[in-house]
Amino acid sequence: MGTYIPHTEDEITSMLDFLGLATIDELFAEVPAALKLQRGLELADGAGEPDVLAHLDDFADRNPARTDRLLCFAGGGAYDHEIPAVTKALAGRSEFMTSYTPYQPEVAQGVLQAVFEFQTMIARLFGLPVANASLYDGASATVEAVNLGVAAAGLNTVWVSEGVHPHWRQMLATCAAGTGHRLRTVKLVNGVTVWPDTDLTGEDRPGVLLVGYPNYLGCLEDIPAARSICDRAGAMLVVATDPVSLGVLKSPGEWGADVVVGEGQVFGTALGFGGPYLGLFACAQSQVRRLPGRLVGETVDLDDRRAYVTTLRAREQDIRREKATSNVCTNQTLMAVTAAIQLAWLGTAGLADLALRCARATRYTRDALLAIDGVEPYATAPVFREFAVRTRLPADTLVERLADAGFLAGIPLGNEFDDGDHGLLIAVTERRTRDEIDAYVTAFAKAVA
Amino acid sequence: MGTYIPHTEDEITSMLDFLGLATIDELFAEVPAALKLQRGLELADGAGEPDVLAHLDDFADRNPARTDRLLCFAGGGAYDHEIPAVTKALAGRSEFMTSYTPYQPEVAQGVLQAVFEFQTMIARLFGLPVANASLYDGASATVEAVNLGVAAAGLNTVWVSEGVHPHWRQMLATCAAGTGHRLRTVKLVNGVTVWPDTDLTGEDRPGVLLVGYPNYLGCLEDIPAARSICDRAGAMLVVATDPVSLGVLKSPGEWGADVVVGEGQVFGTALGFGGPYLGLFACAQSQVRRLPGRLVGETVDLDDRRAYVTTLRAREQDIRREKATSNVCTNQTLMAVTAAIQLAWLGTAGLADLALRCARATRYTRDALLAIDGVEPYATAPVFREFAVRTRLPADTLVERLADAGFLAGIPLGNEFDDGDHGLLIAVTERRTRDEIDAYVTAFAKAVA
Amino acid sequence: MMSGSNQLLGPAAPGGKATSAPLLGRDAEPTIFELSHPGRRAWSFRTTGIPELEVDELIPVDHARSAPTPLAEVSERDLVAHFTRLSHRQFSVDLGAYPLGSCTMKYNPKVCDAVAALPGLAGVHPAAPASLTQGWLGLMVEVEEALCEITGMAAATLQPAAGASGELTGLLLMRAWHAAQGAPRHKVIIPDSAHGTNPASVTLGGYEVVTVPSDARGCVDMEALASVLDEDVAGIMLTNPNTLGLFEEDIAAIAAAVHKVGGLLYYDGANLNAILGVVRPGDMGFDIVHMNLHKTFATPHGGGGPGAGPVAVSERLVPFLPGPRPERVVDGPEGAEVYRWMTPEQSIGRMHSWHGNTLVLARALAYILVNGGDGLQKVAQIAVLNANWIRQRLSGTYDVPFDRQCMHEVVLSSRNLKQAHGVRALDIAKRLLEEGFHSPTVYFPLIVEEALMIEPTETESPQTLEALAQALELIAGEAKALPTGSMAEAPRNTPVRRVDEARAARTLIPTFDARAES
Amino acid sequence: MMSGSNQLLGPAAPGGKATSAPLLGRDAEPTIFELSHPGRRAWSFRTTGIPELEVDELIPVDHARSAPTPLAEVSERDLVAHFTRLSHRQFSVDLGAYPLGSCTMKYNPKVCDAVAALPGLAGVHPAAPASLTQGWLGLMVEVEEALCEITGMAAATLQPAAGASGELTGLLLMRAWHAAQGAPRHKVIIPDSAHGTNPASVTLGGYEVVTVPSDARGCVDMEALASVLDEDVAGIMLTNPNTLGLFEEDIAAIAAAVHKVGGLLYYDGANLNAILGVVRPGDMGFDIVHMNLHKTFATPHGGGGPGAGPVAVSERLVPFLPGPRPERVVDGPEGAEVYRWMTPEQSIGRMHSWHGNTLVLARALAYILVNGGDGLQKVAQIAVLNANWIRQRLSGTYDVPFDRQCMHEVVLSSRNLKQAHGVRALDIAKRLLEEGFHSPTVYFPLIVEEALMIEPTETESPQTLEALAQALELIAGEAKALPTGSMAEAPRNTPVRRVDEARAARTLIPTFDARAES
Ligand SMILES: Cc1ncc(COP(=O)(O)O)c(C=O)c1O
Ligand SMILES: Cc1ncc(COP(=O)(O)O)c(C=O)c1O
């Protein structure tokens with residue numbers, strides 16, 4: 001019954017008439033009759049918007065994990081950060097929402113300029129000169145970065161730190177089936193990567209080193225160590241980062257990374273059960289022609305007024321086809337625009353304060369939890385805004401128990417990590433108050449007792 | 001700590017400097033020192049937006065009557081109607097929200113045209129040629145209508161039907177203290193007004209008859225009867241209506257009203273605990289120079305393009321001052337724009353269907369309630385989309401009991417009406433399903449048992 | 001539609017054509033009625049399962065209308081396109097500076113929109129009993145208390161929907177009070193600089209307006225005032241700072257004189273933004289104070305409304321306040337705070353359908369809490385700083401009728417430009433639109449010829465002030481340099497150009513249907 | 001800032017100046033960095049009461065950056081003004097018709113925005129266990145089931161974030177399947193009319209691209225196909241209707257031929273809107289199908305994204321789908337339905353950081369439910385009707401390279417206008433902007449010279465089609481009448497005029513900082 005089609009029956013008739021057709025089915029005359037669906041789709045008939053909204057709200061109601069019911073201490077690449085009304089209001093403007101890729105720059109300066117500002121902010125944050133207009137998410141950005149690295153180095157062996165988000169490593173492996181990259185996982189010890197000192201000329205010679213900073217366990221890796229291996233091996237250094245941490249941490253670019261990727265959800269995008277998020281990607285000037293995805297550049301119009309346009313299009317699939325640097329077309333522009341707004345809202349001081357607040361809350365929580373007997377650090381290396389603990393209890397059980405107490409306790413490390421079943425990854429954002437944390441710690445103590 | 005002021009300390013200093021001032025206090029040199037506040041305001045210091053939002057949400061949480069917790073069966077001029085996402089999205093556009101009275105029509109065509117469309121829709125709905133750009137609410141529109149009527153008739157006695165919303169009658173009485181109108185309340189019998197057949201030439205000769213259609217009890221009044229008294233007395237007929245009912249009911253204009261007023265909350269505005277709402281006002285062509293408030297008219301611009309502008313400004317306070325037809329300045333434009341959007345969403349068929357659905361739900365509920373023993377009709381006259389019942393129980397108690405069962409049962413008639421303490425006014429909108437109504441009736445039966 | 005023709009001559013206009021959006025063109029936007037096509041729809045309702053009786057089964061047939069009211073029949077897509085395009089034809093604070101004097105067009109924080117949308121506030125029926133709406137009553141009491149502290153008054157009613165409604169409320173309070181003293185009075189004094197709502201409200205309050213002139217400094221002429229003060233004066237209405245943006249220095253003397261003859265002082269709070277946390281109406285001697293929350297407390301003006309105009313009063317007037325009013329009482333077992341409705345025994349009655357523009361009150365409270373006591377004082381300081389900077393910056397360019405320190409706004413005059421070059425304040429206002437700013441208020445207050453009333457507000461940055469000043473300098477320069485009348489061409493780059501207001505009044509077209517006839 | 005000067009020479013640009021909004025002017029909008037002024041702020045956080053350790057107490061100092069990252073420092077007011085003005089420089093579906101071929105720019109229902117904003121959907125962490133997110137898993141299963149019914153497939157993965165990601169997923173499925181058969185293959189066939197993402201994905205899938213030409217009717221040339229089919233062909237990627245908007249009538253034969261050599265058929269679902277409820281990829285013989293929810297199912301395109309590109313497969317490929325996948329199981333005491341995550345034993349792995357663009361899935365489900373089975377078929381019918389009406393209406397004006405009934409879009413060519421009058425498809429696209437419409441897709445598909453690919457979608461009314469047709473007729477007329485090159489002037493009335501793309505590539509300025517250097 002619900003429909004968004006304006007046509008009345010009269011209009012349909014007269015249009016068919018004009019086409020010399022008697023029935024609407026004749027529009028599909030070229031579809032072989034044998035193939036046609038002989039019945040209607042087995043879906044419920046159309047419903048009114050209020051009924052549909054109610055139906056979707058029923059689903060929503062069956063998600064006790066929602067942040068308005070469980071206080072969120074989970075992170076792992078998706079964080080419960082402040083999203084101010086102003087960011088929602090501006091990013092929700094329908095001109096940003098209901099437009100598409102700026103193929104006609106004359107009527108797309110709004111999105112183009114917002115993305116240009118986004119690129120500038122990400123480039124500054126990551127410490128590299130060029131950032132693209134977005135990729136799907138952290139995982140896909142990582143895959144693209146490795147592809148770029150392999151192409152640049154001309155070597156398809158990739159050393160992957162175990163400290164990179166397990167899901168991102170999984171996608172990397174999935175895609176390697178197609179690209180043929182040879183992935184070598186390098187273990188963490190006490191939370192940081194210990195690179196093998198194998199002979200760098202042999203068949204294991206890496207074209208890419210991939211490391212997290214901070215890594216999945218929240219630990220601060222030794223980037224110079226990775227850099228020096230790259231220099232010796234002629235490999236590219238790809239760093240997967242947590243962009244919020246960079247409010248305080250030295251940028252991967254400054255540490256010497258060739259490519260930096262990250263998950264941009266932290267800049268104004270809802271948790272939303274995992275998507276749509278925002279893949280962040282920045283690289284060295286030398287790699288700009290290998291850059292995946294769109295890039296907005298500044299130029300001028302006929303009247304010499306400042307204008308923006310997508311540029312270096314020759315890299316892209318619609319022009320380069322099978323030789324393109326990537327297959328990405330539709331990206332996550334709206335989230336990039338959202339991030340530009342959120343980063344402008346935060347500003348220089350706000351982002352630094354945000355990172356600091358997260359680090360303080362994390363330290364406060366970690367100290368309190370480790371004071372509980374039966375709770376040990378999973379890794380000992382210094383952490384920034386996230387950390388893992390080990391308890392007697394299976395982490396899944398711990399999460400269930402704390403849910404009853406009103407908390408989403410964290411993320412079980414799972415079988416991806418040694419003894420991960422008893423490891424819990426915990427993130428504490430600026431939104432958690434001391435009272436909330438104290439209550440969490442108390443419930444935690446009760447749960448593990 | 002929170003602030004919306006852009007100025008940095010440096011900028012403040014240099015601006016003071018330019019003014020030749022040493023301190024910011026010197027800006028207030030002309031304020032006699034003796035009068036100045038010698039202390040800071042005794043208000044909490046500024047807080048961040050997240051804290052403030054949380055504080056306001058605490059208040060919100062302490063309103064169990066909210067429609068997402070209690071199913072709403074209350075009406076009395078404020079109704080729980082469908083407000084689609086599209087109406088909220090469009091009416092929430094910041095160009096409509098953050099502009100002011102269109103003093104510069106060249107940059108205010110958006111609001112002006114939307115109001116022009118609103119005026120057209122209200123005029124059509126009320127059956128009169130002219131509608132204004134809004135007044136505060138139903139009560140203030142009623143006051144303005146009576147003022148117009150008295151001025152037009154040159155007689156300041158006003159016959160007020162008891163069937164007009166009690167609050168509106170109260171405001172009328174409050175304002176009559178200033179205008180000196182002589183108000184005579186005319187009782188309802190079985191839900192409809194029984195006009196006195198006094199001699200219409202004597203000192204009680206009315207200048208205005210004010211009647212509800214449908215009236216506060218939901219009953220359908222005999223408008224022709226009122227009209228004929230007006231004709232004989234040379235009085236103006238003012239009808240206070242429920243605009244949604246007019247989706248099915250004959251318009252007051254068609255019935256012969258000179259002025260029609262109503263509460264426009266029903267067209268897309270939230271219940272919001274009573275405001276901001278929308279005062280609707282329409283009148284006969286002959287009264288247009290007495291029209292209170294703003295009026296948008298069509299005209300052309302320098303290039304002869306269609307344009308809109310506020311017109312007949314000579315009626316208004318800023319020009320006419322003490323001789324103005326009204327003192328209204330800021331009105332409820334945003335609600336008028338909202339109503340235009342909502343009415344366009346409803347459209348011709350939708351408004352008719354809305355009214356019909358309300359009438360059906362009301363009939364269904366009324367029949368079921370009257371079948372309960374101990375529940376009698378408060379009035380016997382035919383009703384449209386609202387009705388009153390009488391029970392043994394004090395209506396306040398009934399409301400409390402049904403709240404425990406999950407319903408806002410209705411509105412106690414209260415001491416405004418004979419035996420009103422046991423009378424409950426019930427409204428059932430298109431949003432109530434049969435299951436919800438059945439549950440309500442069951443709870444009702446239990447409560448009065 | 002001609003069947004088989006190659007054209008689709010439906011009655012409706014093309015909803016998908018966007019040239020009316022200034023982004024793409026200069027055409028007029030069709031009305032929603034022109035976009036309408038029979039049979040189109042956007043609406044849908046819940047499925048209820050309620051028996052579908054027909055109209056004649058529900059009501060006596062003579063009450064049923066013969067045909068449904070013709071509104072618009074449009075698809076949701078065309079509905080959205082139409083109003084989105086209209087929004088592109090509308091200037092707003094969110095697009096740029098709006099220095100409209102006396103209207104305090106400051107930035108409206110988005111967090112207040114979030115507050116007004118809270119289901120626990122927006123979804124509450126106004127007739128629900130106090131027991132089920134404690135949150136709302138508590139919120140209103142908190143608003144009342146904050147406003148009383150800010151104004152220095154004893155209590156307030158939150159009912160008035162806007163300033164003018166507050167004025168009438170105040171005058172009715174005045175009336176009730178004098179009546180209670182057993183001595184009704186007949187006159188209310190207002191300065192010649194007063195806003196139009198004041199005299200209009202005085203009339204509705206049943207009083208006669210007595211106007212006092214302003215003196216050379218732009219303030220109430222004390223001698224003139226003395227000469228009209230007598231036992232028949234119910235009170236005086238003042239705006240302080242007044243509509244010239246000047247502080248009435250003699251306010252103490254005025255208060256004494258008016259009180260001496262038994263009159264009351266009414267404070268028109270439209271300009272309260274200038275004195276927040278600096279000086280309070282109550283301390284100046286005012287008995288009745290209205291506030292415009294849509295000005296001072298940043299609630300959005302909504303294209304002309306809604307607003308909220310609470311009225312605060314001194315002790316002696318509290319018993320007369322409109323009711324019902326929310327109040328806090330301590331009760332319950334362990335003396336918990338609860339809220340209830342009460343109506344003062346001598347209450348003048350009711351000034352709103354319900355309790356006031358409550359969602360506007362919630363927005364204002366959020367604004368007050370974000371700023372806090374300290375922040376509100378800074379609001380006043382910066383608002384005044386900005387206005388004085390503009391005054392000083394432009395004093396060489398336009399004349400400043402009252403060249404003294406101003407408060408939150410400054411009234412300039414372009415009378416010289418008119419005399420010498422025939423350029424009116426109106427032309428300057430229109431020309432300024434082309435420079436990317438909304439115009440100041442023009443021709444008000446009435447006592448200043450060719451008035452340009454500029455209120456920058458505290459939320460405009462120094463850079464914006466500088467750009468505004470440069471634009472006004474540029475325009476003054478053009479007025480002198482360009483041929484007379486050329487400025488009457490402005491504005492050129494707006495959705496429509498100079499609008500023919502005379503024609504609108506001459507052949508009134510208040511509805512789409514009237515157009516058809518005219 | 002020069003103290004005491006009459007000018008406020010702050011480093012920042014005026015945030016309150018609105019000439020960059022087309023409503024008021026034609027200036028460029030300054031970047032947020034130019035609006036920035038040291039010390040300004042908009043941000044605020046909760047008060048937490050957590051001890052305020054300093055950086056050096058929290059991390060080893062060598063990890064701390066020496067100075068904070070310079071972003072922008074703006075007031076909330078300037079932040080709002082800047083991005084609101086940018087939005088006024090952006091065309092969108094909500095402003096007018098957007099007949100961008102292959103992109104299905106239909107109206108995006110607002111109710112879907114409300115769905116995506118539900119706290120119970122938007123506020124859920126993706127790592128929360130299934131026991132605490134049953135609603136989300138149930139929703140996803142409902143989406144998967146609907147998509148399978150619509151496409152005629154057995155199961156689907158919801159992970160791919162967009163069409164291209166779906167393509168790669170499909171190719172990796174192809175690979176895994178052939179590997180499981182013990183016979184890896186090396187070639188994938190695509191028609192010369194294919195979208196650029198297809199060949200790019202084929203490469204990433206580790207396959208070699210074999211291109212087959214189209215025949216005179218715009219469909220796959222069957223002989224050419226036969227000549228390249230062999231045991232090394234892993235499969236073929238087809239769009240049906242293809243990018244010319246034409247239905248591949250020989251699809252059954254193609255399927256048979258490809259299957260005969262043991263290859264798989266991949267369906268690029270970008271054009272699914274044309275056949276909803278009419279014919280299903282599964283019934284055509286496809287093994288793998290991706291959908292673009294941001295096209296067919298009306299989720300907003302967001303200025304370039306996000307999208308969602310679920311991939312549905314036939315039975316034999318189900319064991320290879322990415323995981324984890326949500327599944328419904330009946331368990332619990334009274335056999336209640338519950339949902340859990342499961343990973344197929346031969347799963348190719350993972351194609352998303354989490355579970356897919358989940359909020360996009362929720363929007364799409366709402367759209368599917370509003371339309372229903374009946375409504376979706378009507379969507380296809382009207383989309384095709386609109387495209388054919390445009391084709392017929394303009395067939396005299398532009399040439400129609402493949403003049404036969406089309407499906408949801410029609411590809412016209414302006415090659416004659418180019419030959420005779422030097423007017424390119426690009427010029428026509430730019431000129432059309434002036435008429436209030438977004439341009440069609442131009443120069444795609446590559447096999448049509450001067451291609452103008454028009455996809456009206458079903459949500460544009462007949463009146464809008466008529467206006468679009470008239471605009472295109474007008475432009476063709478001008479191309480003939482006006483002096484050569486004059487159309488290169490278009491567009492004139494847009495926020496900026498023809499943009500210098502060559503210069504952008506020559507001197508690359510990808511950031512505000514690069515500008516400073518360049
Ligand atoms: C000085 C003054 N007094 C009173 C008013 C009336 O306030 P409102 O428009 O809210 O009714 C205004 C507002 O325009 C004003 O500027
Ligand atoms: C025919 C065709 N195939 C594939 C794609 C790629 O889809 P997406 O942009 O969602 O990656 C598109 C969209 O542009 C398309 O039009």
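Chain letters run A, B, ... following the sequence lines, proteins first and then strands; every chain starts at 1. Any value given below was found using the heavy atoms of this structure, including those in side chains, with hydrogens, waters and symmetry copies removed.
- Proximity to chain C is limited to the side chain of Leu70(B), based on heavy atoms less than 4.5 angstrom apart.
- For the options Val202(C), Leu95(C), Thr84(C), Val74(C), heavy-atom pairs under 4.5 Å to chain B are most numerous at Thr84(C).
- Heavy-atom pairs under 4.5 Å with chain C peak, among Gln119(B), Arg357(B), Glu430(B), His55(B), at Arg357(B).
- Judged purely by distance below 3.5 Å, without hydrogens or angles, the side chains of Gln170(B) and Arg350(C) pair a donor atom with an acceptor atom.
- Using a 4.5 Å cut-off between heavy atoms, Arg305(B) touches chain C through its side chain atoms alone.
- The candidate with the highest count of non-hydrogen atom pairs below 4.5 Å against chain B, out of His63(C), Arg498(C), Glu458(C), is His63(C).
- In this structure, the portion of Pro129(B) lying under 4.5 Å from any heavy atom of chain C is its backbone and not its side chain.
- Neither the backbone nor the side chain of Arg320(B) has a heavy atom closer than 4.5 Å to any heavy atom of chain C.
- In this structure Glu149(C) satisfies the side-chain contact (heavy atoms from CB on, under 4.5 Å) test together with Arg39(B), Leu41(B), Glu42(B), Leu43(B), Arg280(C), sequence neighbours excluded.
- Judged by a 6.0 Å distance limit and a 45° cone about the ring axis, Arg124(B) is positioned over the six-membered ring of Phe33(C).
- Only the side chain of Tyr107(C) comes within less than 4.5 Å of a heavy atom in chain B; its backbone stays farther off.
- Summarising the geometry of Ala29(B) relative to Gln405(C), their closest heavy-atom pair is N-NE2, 4.0 Å, with the distance given to 0.1 Å.
- Using a 4.5 Å cut-off between heavy atoms, Glu460(C) contacts chain B through its backbone alone, with no side-chain atom that close.
- When heavy atoms are compared at a cutoff of 4.5 Å, Trp168(B) approaches chain C solely by way of its side chain, counted from C-beta outward.
- Residue Ser134(B) does not touch chain C at all, counting heavy-atom pairs closer than 4.5 Å.
- Proximity to chain B is absent for every atom of Asn292(C), based on heavy atoms less than 4.5 angstrom apart.
- Counting heavy-atom pairs closer than 4.5 Å to chain B, the top-ranked of the candidates Thr203(C), Val360(C), Leu204(C), Val209(C) is Leu204(C).
- Contacts with chain B were tallied for Ser439(C), Ala366(C), Ala122(C); Ala122(C) has the most, counting heavy-atom pairs under 4.5 Å.
- Listed by chain and residue number, Arg93(A), Arg93(B), His88(D) satisfy the side-chain hydrogen bond (donor to acceptor under 3.5 Å, both in side chains) test with Glu95(B) (two or more places apart in sequence, or in another chain).
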